[in-house]
Amino acid sequence: VDVSSAQPSPTLTGLTLINQSVSALVYNTPGRQTLTCVGVHIEASAHASGPAVQAAEPLSMVDSVIVRHAPASLHDSGSTGTNTTAIASRGRLFLYNTYVANFATAVSFADGTSAVPGTVAPGEWIRLDLVAKGVPEKTIEAPIFLNTTKHNEILVRATPGATPPPADITAQHVWNSATFPSPLTVGRNCNVKANGAQGDMTTDDTAAIQAVLDNPACGVVLFPKGYYAVSKTLQLRSNQSIVGIGRLYASIVPHSSVPPMCPARAANPTRGQNELCAWPLVRTASGSDDTTTVAFLSVLVWHHYNSTYAVHWQSGRGQWRAAHINRVDLDPGRIAPPAWYNRALFLMDGTGGGRFWNFYQENWWSEGPHYRHILVQNTTSPLSFYHGNTEHSQGEANMEIAGTKASVAVFGFKGEGNYVQIWVRDAARFFLSGYGGNASPFPVQCKYPDGFQQYVPSIIRLERTPDALVANLVSQVGPDGESKCGIFDTGFAGTMYGAKYWSSVLDVDTETSFHTQPLDWPVVYAKGNF
């Protein structure tokens with residue numbers, strides 16, 4: 001698999017490659033920012049040519065396995081080439097909980113840095129608990145920060161003679177294809193169109209859809225092609241799934257009878273605190289063991305509305321796959337001007353958590369400081385994103401994770417714009433495997449607009465979060481660019497500030513504040529129990 005031509009900061013999840021006779025995974029130029037591989041399993045043949053993984057561009061591997069079919073000797077390169085190395089790196093590298101077996105060298109580096117030795121005897125495992133190596137590029141440094149102390153040497157934490165990898169090391173990161181809800185398995189009685197919903201964007205389909213959702217026989221509910229207009233929240237039952245036929249073809253939207261403007265806006269027209277009165281189009285059941293699934297459909301808020309938001313998520317073990325939220329108009333600007341939107345479009349709270357495959361959102365019109373593409377707030381269940389792409393927001397942050405009691409992991413993230421990409425505050429544990437995109441925060445001496453909370457601008461903001469690890473932050477922005485303060489509202493991607501003016505990570509605790517210096521793009525920023 002050659003991922004070299006992927007879009008910025010790609011993520012591979014649950015990839016399994018068996019009996020590979022050449023390099024199984026390649027990520028070379030022109031690869032764009034960090035490739036995250038999570039739950040990847042590679043088996044190389046005994047006499048494969050080349051290393052199992054080779055990368056010249058930034059690479060992060062998490063919870064992965066690389067094993068070679070055991071030759072007579074681990075130093076036997078075979079007749080077709082050299083295969084005694086598991087990972088050959090020429091760029092930034094971050095490895096976390098990655099297992100290697102039957103390779104004499106676990107990791108080699110092109111610059112002559114001491115290699116990470118592999119296993120001694122066939123059948124033996126080495127676990128790479130945390131390996132990090134930065135490769136500077138022109139004026140950009142790639143340091144390691146451990147509890148705010150900067151290091152430039154390689155970091156190796158490994159366990160030789162480790163027990164074999166857990167049986168679910170890959171499965172924990174992917175959906176179960178045998179049981180995942182499919183449009184092809186839904187009976188007629190659980191098809192919303194077969195039960196009175198029109199999907200024509202004109203009819204109020206609320207009652208027809210809710211009747212299907214309330215049917216105890218409908219564990220999976222199908223939305224065929226259409227725009228399903230609703231005037232009240234669609235409430236899902238415990239462990240229920242809603243699936244469409246594709247997020248471009250099946251959409252849930254507000255009905256025309258819904259008042260578009262939130263009354264709270266009239267009381268405070270400047271800030272427009274419509275988060276006080278807006279209601280969700282879809283709400284999941286709550287519960288730490290709830291297994292709600294939302295897949296293959298969109299939940300859309302009309303652009304001239306601020307009285308609704310897309311989703312209220314409280315499912316603790318739910319799944320979100322190839323679904324979408326957005327603020328849109330079918331006929332932009334002709335119905336009404338954009339509404340001032342000043343709340344989260346997707347809210348997760350309570351027992352909310354689960355696994356999200358490809359969470360994407362990038363609208364930017366008429367947003368206040370409290371706007372978030374997604375707000376994860378005071379949750380108690382573990383949460384994983386298998387690539388997050390929230391960008392262009394004009395609020396204080398694109399994604400906010402606040403007061404979470406369980407681990408939150410983001411396996412690959414792409415973002416753009418001048419505001420914080422991910423704001424993590426008062427969270428128990430946070431993990432980010434890699435970042436890419438052309439985000440360029442305001443210069444470190446600049447202030448945010450009036451009405452925003454004031455911090456040193458950065459790509460990632462950590463606040464009162466004791467255990468955090470952020471890896472492989474790589475921006476597409478070069479060192480030179482704009483440097484002036486006070487340039488706001490310049491479009492979806494913002495102003496391109498030169499990297500020599502801004503900080504990548506801000507870390508604020510109760511009594512201290514630390515930010516990385518401009519041109520320091522960490523290969524690892526770790527604190528606490530990491």
Side-chain angles (χ1 to χ4, degrees), residues 11-14 38-39 171-195 197 199 205 209-210 212-213 215 217-228 230 233-253 280-287 289-301 310-326 328 345-348 352-361 373-374 376 381 383-390 411-412:
T11 297
L12 291 175
T13 305
V38 55
Q172 65 180 317
H173 296 293
V174 295
W175 56 87
N176 186 329
S177 58
T179 60
F180 195 89
S182 165
L184 300 179
T185 61
V186 180
R188 179 176 176 81
N189 289 339
C190 301
N191 179 326
V192 297
K193 274 196 172 180
N195 288 271
D205 287 328
I209 296 172
Q210 192 62 55
V212 180
L213 293 172
N215 183 346
C218 293
V220 181
V221 175
L222 174 65
F223 287 74
K225 183 179 180 180
Y227 284 87
Y228 299 89
V230 298
T233 298
L234 297 177
Q235 178 64 57
L236 277 60
R237 293 182 294 107
S238 295
N239 306 318
Q240 192 168 47
S241 301
I242 57 174
V243 297
I245 61 166
R247 66 185 191 184
L248 295 179
Y249 303 105
S251 299
I252 299 169
V253 301
L281 298 176
V282 175
R283 178 183 285 120
T284 72
S286 64
D289 292 326
D290 182 80
T291 57
T292 290
T293 293
V294 176
F296 319 128
L297 55 74
S298 291
V299 185
L300 307 177
V301 174
V311 176
H312 184 193
W313 184 279
Q314 296 180 306
S315 172
R317 295 174 56 202
Q319 302 178 105
W320 176 276
R321 179 183 168 198
H324 187 50
I325 61 169
N326 207 351
V328 299
L345 190 59
F346 187 111
L347 172 64
M348 183 184 298
R355 298 180 295 174
F356 284 60
W357 288 279
N358 298 45
F359 189 87
Y360 160 73
Q361 174 50 227
H373 291 318
I374 180 169
V376 181
S381 302
L383 172 64
S384 296
F385 293 94
Y386 295 91
H387 202 273
N389 183 189
T390 56
F411 298 108

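Excluded from the calculations below are hydrogen atoms, water molecules and symmetry mates; all remaining heavy atoms, backbone and side chain alike, are included.
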(request) Looking only at non-hydrogen atoms, find the nearest pair between Cys190 and Ala217 and report the distance. (result) SG-O, 3.9 Å
(message) Can a donor-acceptor pair be found, under 3.5 Å and without considering hydrogens, that links the side chain of Arg355 to the backbone of Gln172?
(response) yes
(message) With rounding to the nearest 0.5 angstrom, report the CD to CZ distance, Gln319 to Phe356.
(response) 10.0 Å
(request) Answer yes or no: is there a side-chain heavy-atom contact under 4.5 Å between Pro224 and Asn191? (result) yes
(request) State whether the side chain of Asn239 and the backbone N or O of Thr291 hold a donor-acceptor pair below 3.5 Å, judged by distance alone. (result) yes
(request) For residues Pro181 and Val243, report the shortest heavy-atom separation together with the two atoms involved. (result) CB-CG1, 3.8 Å
(request) Give, for atom NE2 of His324 and atom CZ of Phe346, the distance between the pair rounded to the nearest 0.5 Å. (result) 12.5 Å
(request) Taking all non-hydrogen atoms of both residues into account, name the closest pair between Ser238 and Asp290 and its distance. (result) CA-OD1, 3.1 Å
(message) When you measure from the side chain of Gln361 to the backbone of Ile325, do you find a donor-acceptor pair of N or O atoms at a distance under 3.5 Å?
(response) yes
(request) Taking the side chain as every heavy atom from C-beta outward, state whether Met348 and Leu383 have any pair of such atoms under 4.5 Å apart. (result) yes
(request) Kindly compute the distance separating CG (Asn389) from OH (Tyr360), expressed to the nearest 0.5 Å. (result) 6.5 Å
(request) Taking atom CZ of Phe180 as the centre, report whether more than 12 heavy atoms of other residues, nucleotides or ligands fall under 6.0 Å from it. (result) yes
(message) Please check: side-chain N/O of Thr11 versus main-chain N/O of Phe411, any donor-acceptor pairing under 3.5 Å?
(response) yes
(message) When you measure from the side chain of Ser182 to the backbone of Leu184, do you find a donor-acceptor pair of N or O atoms at a distance under 3.5 Å?
(response) yes
(request) Check the surroundings of atom OH in Tyr227: do more than 12 heavy atoms from other residues, nucleotides or ligands lie under 6.0 Å from it? (result) no
(message) Would the distance check show the side chain of Trp320 and the main-chain N or O of Thr293 forming a donor-acceptor pair, the cut-off being under 3.5 Å?
(response) no
(message) If I compare all heavy atoms of Ala310 with all of Val299, which pair ends up nearest, and what's the gap?
(response) O-CG1, 3.4 Å
(message) So does Gln314 get a backbone contact from the side chain of Thr284, meaning a donor-acceptor N/O pair under 3.5 Å?
(response) yes
(message) If you compare all heavy atoms of Ile252 against all heavy atoms of Val230, which two are closest, and at what distance to 0.1 Å?
(response) CG2-CG2, 4.2 Å
(message) How long is the straight-line distance from CG of Asn195 back to SG of Cys218, given to the nearest 0.5 Å?
(response) 7.0 Å
(request) Kindly say whether Asn215 contributes a backbone atom to a donor-acceptor pair with the side chain of Arg237 at under 3.5 angstrom? (result) yes
(message) Show the nearest heavy-atom pair for residues Ala295 and Ala323, with the distance to one decimal.
(response) CA-CB, 4.3 Å
(message) Exactly one of Leu234, Ile242, Val221 should register a side chain to side chain contact (heavy atoms under 4.5 Å, CB included) with Ile209. Which one does?
(response) Leu234
(message) Looking at Lys193 and Lys225, would you say the former's side chain and the latter's main chain have a donor-acceptor pair under 3.5 Å?
(response) yes
(message) For the backbone of Gly199 and the side chain of Asp205, can you confirm whether one donor and one acceptor N or O come within less than 3.5 Å of each other?
(response) yes
(message) Are the side chains of Phe296 and Arg321 in contact, using a 4.5 Å heavy-atom criterion?
(response) yes
(message) Return the OG to OH distance between Ser298 and Tyr249, rounded to the nearest 0.5 Å.
(response) 11.5 Å
(message) Just verifying a value: how many Å separate Leu222 CG and Ser241 OG, rounded to the nearest 0.5 Å?
(response) 12.0 Å
